[in-house]
There are 2 protein chains.
Amino acid sequence: MKPSLVTIGPNGHFCSDCAVRESAVCSSLDAVELREFEHLGRRVRLGSGETVFSEEDISTSFYNLLEGVMRLYKLLPDGRRQIVGFALPGDFLGMNVSGRHNFSADAIGAVTVCQFAKTPFGRFIEDRAHLLRRINELAIRELDHARDHMVLLGRRSADEKVAAFLLGWRERSFALKGRSDTVPLPMSRQDIADYLGLTIETVSRTFTKLERHGVIEIIHGGIRLLDPARVEALAAA
Amino acid sequence: MKPSLVTIGPNGHFCSDCAVRESAVCSSLDAVELREFEHLGRRVRLGSGETVFSEEDISTSFYNLLEGVMRLYKLLPDGRRQIVGFALPGDFLGMNVSGRHNFSADAIGAVTVCQFAKTPFGRFIEDRAHLLRRINELAIRELDHARDHMVLLGRRSADEKVAAFLLGWRERSFALKGRSDTVPLPMSRQDIADYLGLTIETVSRTFTKLERHGVIEIIHGGIRLLDPARVEALAAA
DNA sequence: CGCCAAAATTGATCTGGGTCAATCGGCTTT
DNA sequence: AAAGCCGATTGACCCAGATCAATTTTGGCG
């Protein structure tokens with residue numbers, strides 16, 4: 001879907017009461033810096049399925065995800081897709097060395113991002129090592145996750161992939177909605193399949209199998225973990 | 001294999017005539033800084049198969065690879081292994097957020113690294129934004145590669161994986177030994193398999209098949225690309 | 001509510017790559 | 001040069017997960 005970016009102007013909000021104030025890149029800024037920072041970003045809303053940026057596009061902005069979920073993916077020429085990650089509020093997107101995006105990003109459901117033009121953002125960062133360190137920390141965290149995911153993609157069975165996915169997603173959801181055994185799944189089965197390197201049929205069958213065995217319950221918009229320990233055992237083995 | 005680190009003392013070398021002076025993290029340092037930097041690192045040699053650090057170890061040092069090749073990998077409890085990357089001269093290892101290594105690294109053949117204790121290195125970096133930026137750049141480059149590799153692991157066939165591996169490795173070898181259609185492969189078939197998410201048998205069969213088709217020639221210690229265009233076609237599709 | 005389209009599930013069948021099991025071949029050791 | 005070893009290759013067979021093909025369920029909308 002093509003983008004129809006709706007700006008909310010720099011006046012319609014304040015960084016100081018932003019939902020991700022404490023978790024995003026901004027967490028490294030003090031109150032004074034935040035004031036200046038406020039003028040660099042503009043809030044943008046996107047509808048479900050809209051694309052924020054595409055692979056190979058020249059990257060002109062950084063994005064700070066404020067609300068919603070995004071899928072980050074790469075496509076092969078023949079249409080095969082690999083989702084390289086899901087972004088949640090507080091995630092920082094748009095870093096690259098080539099000047100072009102190395103993956104595409106689109107909204108799963110409604111999304112709000114804070115968009116920063118690269119040049120002023122780069123200037124702001126320049127003499128603020130703490131912000132740079134914070135960005136570096138986020139990149140390294142991302143790298144960690146990427147390596148874990150390589151293990152999953154290269155060496156785990158379908159059952160293990162699905163179980164690990166449920167646990168991983170539950171973990172990330174905690175930060176937003178608090179601890180719970182109900183895992184909300186805003187993305188489609190196809191998205192899950194493309195994230196795990198499986199087909200949609202295998203994902204569906206695996207969920208059904210786990211439900212038959214009383215390990216999970218498939219509910220509207222998510223999965224309830226009836227027996228979290230069994231899920232963990234499946235994911236670990 | 002257990003490490004038997006052999007130090008070459010800070011006196012036995014100079015950063016200024018280091019092989020990776022221009023490509024490693026050090027490329028961001030000027031002549032004056034280099035003098036100080038010199039005292040932070042110590043050269044360490046490792047024999048074939050020796051482990052530099054293991055996953056879950058508390059990380060106390062950073063490493064700058066000077067000579068040789070290393071495999072970086074993660075193990076599952078049951079022994080399955082995923083190689084998350086190969087390190088070449090100029091690569092910088094040891095960054096993490098948790099204080100523990102998130103993968104293991106060992107030498108493929110003889111290796112020389114430049115080891116930096118974390119604390120003094122961190123102090124040196126502190127007020128040098130250009131070094132921090134350089135490290136950030138290396139992390140982002142790594143992240144790029146990791147995402148490409150996820151696509152390979154999750155969505156490509158065995159033939160495509162092997163072809164893409166040969167091209168990728170050839171590309172990296174260029175930086176060291178110059179452009180050539182002979183791809184040196186210092187790692188074992190098992191290493192290649194664990195990098196590509198395949199078995200050793202499949203890697204071997206794929207090589208043999210490509211050779212039968214006149215696309216490559218299997219030579220001692222590597223592969224010669226007889227028909228690079230065909231290899232590229234295989235990798236792309 | 002009833003209609004339509006998209007998403008998800010389920011079933012039947014197929015196959016790429018894994019598993020198991022011999023060799024093979026190149027080095028090292030003696 | 002014979003023996004032993006370890007990595008690599010090859011062959012025969014198998015199976016997890018893909019593919020193909022219907023349904024079934026869900027969600028949006030007049």
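Values below: every heavy atom of this structure, side chains too, minus hydrogens, waters and symmetry copies. By convention in this document, chain letters (A, B, ...) are assigned in the order of the sequence lines, proteins followed by strands, and residues within each chain are numbered from 1.
For the helix from dC1(C)-dG30(D) to dT30(C)-dA1(D), the rotation axes defined at the first and last 5 base pairs enclose an angle of 40°, given to the nearest 10°.
Under the salt bridge (charged side-chain N to carboxylate O under 4.0 Å, His left out) criterion, E67(B) pairs with no residue at all, not counting sequence neighbours. Scanning for side-chain contact (heavy atoms from CB on, under 4.5 Å) contacts around L225(B) gives L166(B), L167(B), R170(B), D181(B), V183(B), I216(B), I223(B), P228(B), V231(B), with sequence neighbours left out. Checked against side chain to side chain donor-acceptor pair (under 3.5 Å), E55(A) has the following partners two or more places apart in sequence or in another chain: K74(A). Every residue meeting the side-chain contact (heavy atoms from CB on, under 4.5 Å) condition with D17(B), not counting sequence neighbours, appears here in chain and number order: F14(B). Every salt bridge (charged side-chain N to carboxylate O under 4.0 Å, His left out) that R71(A) has, sequence neighbours left out, goes to D106(A), D191(A). Applying the side-chain contact (heavy atoms from CB on, under 4.5 Å) criterion to L75(A), with sequence neighbours excluded, gives Y73(A), R81(A).
Looking at residues 197-208 of chain A, you'll see G197(A), L198(A), T199(A), E201(A), T202(A), R205(A) sit with a heavy atom under 4.0 Å from some atom of DNA chain D. Only at 4.0 angstrom or more do the heavy atoms of residues 148-167 of chain B sit from any atom of DNA chain D, so none qualifies.
Residue pairs that meet the ring pair (Phe, Tyr, Trp, His ring centres under 6.0 Å) test with at least one member in residues 77-98 of chain A, sequence neighbours left out, are F62(A)-F92(A), F86(A)-W169(A), F86(A)-Y195(A), F92(A)-F121(A). Judged as a ring pair (Phe, Tyr, Trp, His ring centres under 6.0 Å), not a single pair has a partner in residues 202-237 of chain A (not counting sequence neighbours).
With contacts defined as side-chain heavy-atom distances shorter than 4.5 Å, the pair L93(A)/L72(A) qualifies.
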List the protein contact pattern of nucleotides 22-28 of chain D with one symbol per nucleotide (5' to 3'): B for base contact, S for sugar-phosphate-only contact, - for none; contact means a heavy-atom distance under 4.0 Å.
-> -----S-

